[in-house]
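Let me begin by presenting the structure, written as structure tokens, before commenting on it.
Chain naming here is simple, since letters A, B, ... match the order of the sequence lines and numbering starts at 1 in each. No hydrogens, no waters, no symmetry mates; every other heavy atom, side chains included, goes into these values. Everything numeric here is computed off the predicted structure, so don't read it as measured data.
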Amino acid sequence: MPELPEVETIRRDLEPLVVGRRITAIDVDPGTLGLLAGGLPIEALQHALIGRTITGAGRRGKYLLFALDDGRTFVVHLRMTGRLVWRPSDAPPEPYERARIGLDGGHDLRWGDLRKFGTWRIVDDPAEAVGKLGPEPIDDAFTFRAFRAALAGRTAPIKAVLLDQRRMSGLGNIYVDEALFEARIRPDTPAADVSPAAARRLWAAARSVLERGIENRGASFKDYVDGQGQPGQQHMHVQVFRRHGKPCYTCGATIVRTVVGGRGTHYCPHCQRRARQRSQPRGA
DNA sequence: CGTTACCTGAAA
DNA sequence: TTTCAGGTAACG
């Protein structure tokens, strides 16, 4: 469920709560362990984490990176339905709670994950987990030039390119649909056909939708909650995502749903224009 | 490149 | 009953 704004909101919530805390216990539902930790036995997980003090809470793309006092990094990905919530040790279980990370001081982190797609890894170097990710769209280093380079020569739909975490990291299905609406580009436009002017709008839109998502503490369509278990607000501000059948706030046309890059895709057929036709392929 | 699989529901 | 789901990795 979580994209960059949701993961960043959780990171900001948890940082002041967990940094300086020592891990005292690790409990994982046996039916989840194999999927969560990639076959790592519970004893290995406990050995790596118990007794460690958390020294930092970072993020790269959609990954949470908890620095440990032995120099290693505890890497968490929430995938579709993962949640990581700070609770008093005696609080009732989270929905679909699958694991607990006990901390000193009377609180723990609760791991809930309906679909069990989430992952935990412990690595010596964070690059082992996040080294292949493309640049952060909200970073100053992500210039228009860098954005154009990511699109260059790609025949795949622009939406698929934006979702490819190796090109740029952090955008997911909600924010891609919203950015394409803001840039007035149809999601199925081949990336190489996006004009320079449209690309510039899209570059700016990608950054602004992510930043607004963070300001609104993430989008809670279904499962997402922040680091204290509270929903975000961003789902109240979407223009197209899951609004198919409803009128566009800008022009009144009916928002439609299609599938692009294997993902449900929402756009306004009036506001979002197809790119100029590509030059005709030769032959045939 | 697009499609399928992973898992467990909730919604149409 | 069927489809769909904030993601990614493994297919062909």
Partners passing side chain to side chain contact (heavy atoms under 4.5 Å, CB included) against Leu35(A) (at least two apart in sequence or in another chain): Lys116(A)
May I ask you to evaluate whether [X] reaches the phosphate of [N], defined as a side-chain N or O under 4.0 Å from OP1 or OP2?
X         : N      : answer
Arg257(A) : dA5(C) : yes
Arg263(A) : dG7(C) : yes
Tyr96(A)  : dT8(B) : no
Arg154(A) : dC1(B) : yes
Lys62(A)  : dG7(C) : yes
Gln165(A) : dT8(C) : yes

Taking it one step at a time, do Asp70(A) and Arg72(A) satisfy salt bridge (Lys or Arg N to Asp or Glu O under 4.0 Å)? CA-CA 6 Å; Asp70(A) 62 356; Arg72(A) 305 183 85 194; 5.0 Å; no
Base, sugar-phosphate, or nothing for [X], non-hydrogen atoms under 4.0 angstrom?
X         : result
Tyr175(A) : nothing
Arg242(A) : base
Pro157(A) : sugar-phosphate
Leu163(A) : nothing
Gly172(A) : sugar-phosphate

Whole-Å distance between [N] [atom2] and [X] [atom1]?
X         : N       : atom1 : atom2 : value
Trp120(A) : dG7(C)  : CH2   : P     : 21 Å
Leu36(A)  : dT8(C)  : CG    : P     : 16 Å
Arg79(A)  : dA10(C) : CZ    : C1'   : 12 Å
Leu64(A)  : dG7(C)  : CG    : P     : 15 Å
Leu35(A)  : dG7(C)  : CG    : C1'   : 14 Å
Asp113(A) : dT8(C)  : CG    : P     : 13 Å
Arg83(A)  : dG9(B)  : CZ    : C1'   : 14 Å
His235(A) : dA5(C)  : NE2   : P     : 17 Å

Taking for each residue the nucleotide of DNA chain B with the nearest heavy atom, is it Arg166(A) or Lys222(A) whose nucleotide lies nearer the 5' end? Arg166(A)
Pick the closest DNA chain B nucleotide for Ala156(A) and for Lys116(A) by heavy atoms, then say which residue is nearer the 5' end. Ala156(A)
Does His270(A) have more than 12 heavy atoms from other residues, nucleotides or ligands lying within 6.0 Å of its NE2? no
Output field dot_bracket for DNA chain B (Watson-Crick or G-U, both distances under 3.5 Å, | for other-strand pairs) contains ||||||.|||||
Determine, step by step, whether Lys159(A) and Thr265(A) satisfy the side chain to side chain donor-acceptor pair (under 3.5 Å) criterion, reporting the C-alpha distance in whole Å, the side-chain angles of both residues, the deciding distance to 0.1 Å, and the verdict. CA-CA 9 Å; Lys159(A) 170 162 178 170; Thr265(A) 295; 2.8 Å; yes
Is it true that a side-chain atom of Asp69(A) and a backbone atom of Thr53(A) form a donor plus acceptor pair closer than 3.5 Å? yes
Is a side-chain donor or acceptor of His266(A) paired with a backbone partner of Val240(A) at a separation under 3.5 angstrom? no
With side-chain contact (heavy atoms from CB on, under 4.5 Å) as the test, would you mind laying out the steps for Thr119(A) and Val76(A) before giving the verdict? CA-CA 6 Å; Thr119(A) 58; Val76(A) 175; over 6 Å; no
Do Leu68(A) and Ile42(A) land in one hydrophobic cluster if side-chain heavy atoms of ILVMFWY residues count as linked below 4.5 Å? yes
DNA chain C nearest-nucleotide lookup for His77(A) and Leu114(A): closer to the 5′ end is Leu114(A)
Please give the distance between the P atoms of dC7(B) and dT1(C) as a whole number of Å. 22 Å
